[in-house]
S.K.: 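Quick one: structure below, then a few questions.
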Amino acid sequence: MPEGPEIRRAADQLVRAVVNKPLTDVWFAFPELQPYQSALIGTQITAIETRGKALLTHFSNGLTLYSHNQLYGVWRVVEAGQQPKESKRSLRVKLQSTDGTILLYSASEIEMWASDEIENHPFLQRIGPDVLDETLTVEQVRERLVSTKFRNRQLGGMLLDQAFLAGLGNYLRAEILWQAKLLPAHKPKDLNEQQLDDLADACLSIARLSYATRGQVQENKHHGALFSFRVFGRAGKTCKRCGETIVKTSVSTRPFFHCPGCQH
């Protein structure tokens with residue numbers, strides 16, 4: 001499943017294609033959404049925002065489309081008037097503007113809400129702050145770590161729980177714990193002050209660097225340490241920090257990668 005940085009980059013592409021441009025064609029596959037098709041013609045998409053792994057498309061007439069890609073959903077962008085490439089995926093949403101068209105395939109969670117009520121959506125009610133929210137601070141993440149709700153949780157499961165920080169996922173979990181030199185069995189209540197600070201910082205810095213650099217930029221001495229996978233997917237390779245061999249295990253039924261030499 002795509003994680004927060006991938007969802008945000010996809011949203012950026014959608015914004016460039018359709019935001020603030022009149023909609024000329026609207027189509028929904030689900031019958032319960034089809035009554036909105038005619039009402040949206042001529043309106044504009046005013047904003048597209050991410051909340052963890054969910055996406056909110058706001059329309060100028062006071063409606064908001066909630067969508068969650070889950071495992072198989074994917075957004076595509078085509079130029080206005082162009083036909084999308086043939087796909088084995090099922091088209092769910094088509095929003096065409098004067099300049100571009102955005103298409104949502106295979107997603108199963110798609111709902112229309114009044115914009116002033118969207119915050120009451122059950123998913124949005126249960127998730128934590130978006131890890132890519134620029135107003136979210138390291139201090140606030142640290143407070144969540146030591147809160148009654150999370151202080152007794154093992155990090156391996158907690159970092160996948162969207163109620164902690166929305167947008168974190170499996171590869172980010174591995175990279176965050178490597179950065180903080182911790183293991184998934186650790187609990188916040190057992191960490192010292194420096195470990196808590198390092199973990200809170202890693203939660204934000206790793207996710208934000210992945211978003212900014214597409215997750216594959218190598219370290220560059222002229223531009224600072226940019227993000228590249230240090231442990232995820234590198235089983236059998238040498239740890240870039242201590243030289244030990246990275247190992248692959250399973251944590252919370254998901255693949256997990258760590259270095260036994262410097263994560264303890």
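The structure displayed is predicted, hence computed values, not measured ones. Count residues from 1 along the sequence.
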S.K.: What pair of heavy atoms forms the shortest contact from Val18 to Gly100, and how long is it?
M.R.: CG1-O, 3.7 Å

S.K.: What verdict does the side-chain contact (heavy atoms from CB on, under 4.5 Å) test give for Arg234 and Phe257, after you've listed the backbone C-alpha separation in whole Å, the side-chain angles of each residue and the deciding distance to 0.1 Å?
M.R.: CA-CA 7 Å; Arg234 300 189 68 246; Phe257 302 83; 5.9 Å; no

S.K.: Any Lys/Arg nitrogen of Lys53 or Glu109 sitting under 4.0 Å from an Asp/Glu carboxylate oxygen of the other?
M.R.: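 No salt bridge links Lys53 with Glu109.
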
S.K.: Kindly assign one of parallel, tilted or perpendicular to the pair His68 and Tyr66, based on the angle between their ring planes and the thresholds 30° and 60°.
M.R.: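 Plane angle between 30° and 60°, so tilted.
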
S.K.: Are any side-chain N or O atoms of Arg144 and backbone N or O atoms of Phe164, one a donor and one an acceptor, separated by less than 3.5 Å?
M.R.: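 Yes: the side chain of Arg144 pairs with the backbone of Phe164.
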
S.K.: Does the pair Leu172 and Leu159 meet the rule for a side-chain contact (heavy atoms from CB on, under 4.5 Å), with working shown?
M.R.: CA-CA 9 Å; Leu172 290 173; Leu159 291 176; over 6 Å; no

S.K.: Tell me, with the steps shown, if Val251 and Arg173 meet side-chain contact (heavy atoms from CB on, under 4.5 Å).
M.R.: CA-CA 10 Å; Val251 177; Arg173 172 181 68 167; 3.5 Å; yes

S.K.: With distance as the sole criterion, is a donor-acceptor pair present between the side chains of Tyr36 and Asn61 under 3.5 Å?
M.R.: no

S.K.: If every non-hydrogen atom of Lys21 is compared with every non-hydrogen atom of Ser97, which pair is closest and at what distance?
M.R.: CB-CB, 3.9 Å

S.K.: Given 3.5 Å as the limit, does a donor-acceptor pair link the side chain of Glu49 with the main chain of Leu55, or not?
M.R.: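 No; zero donor-acceptor contacts below 3.5 Å.
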
S.K.: Identify the two heavy atoms, one from Leu136 and one from Arg208, that lie closest to each other, and give their separation to 0.1 Å.
M.R.: O-NH2, 2.9 Å

S.K.: Ignoring hydrogens and geometry, is there a side-chain-to-backbone donor-acceptor pair from Glu175 to Arg230 under 3.5 Å?
M.R.: yes

S.K.: Test Asn170 against Glu3 for side-chain contact (heavy atoms from CB on, under 4.5 Å), laying out the working first.
M.R.: CA-CA 8 Å; Asn170 199 41; Glu3 301 181 26; 4.1 Å; yes

S.K.: Is the closest basic N to carboxylate O distance between Glu139 and Arg142 below 4.0 Å?
M.R.: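 Salt bridge absent between Glu139 and Arg142.
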
S.K.: Treating Gln34 as the side-chain partner and Phe28 as the backbone partner, does any N or O pair qualify as donor plus acceptor under 3.5 Å?
M.R.: yes

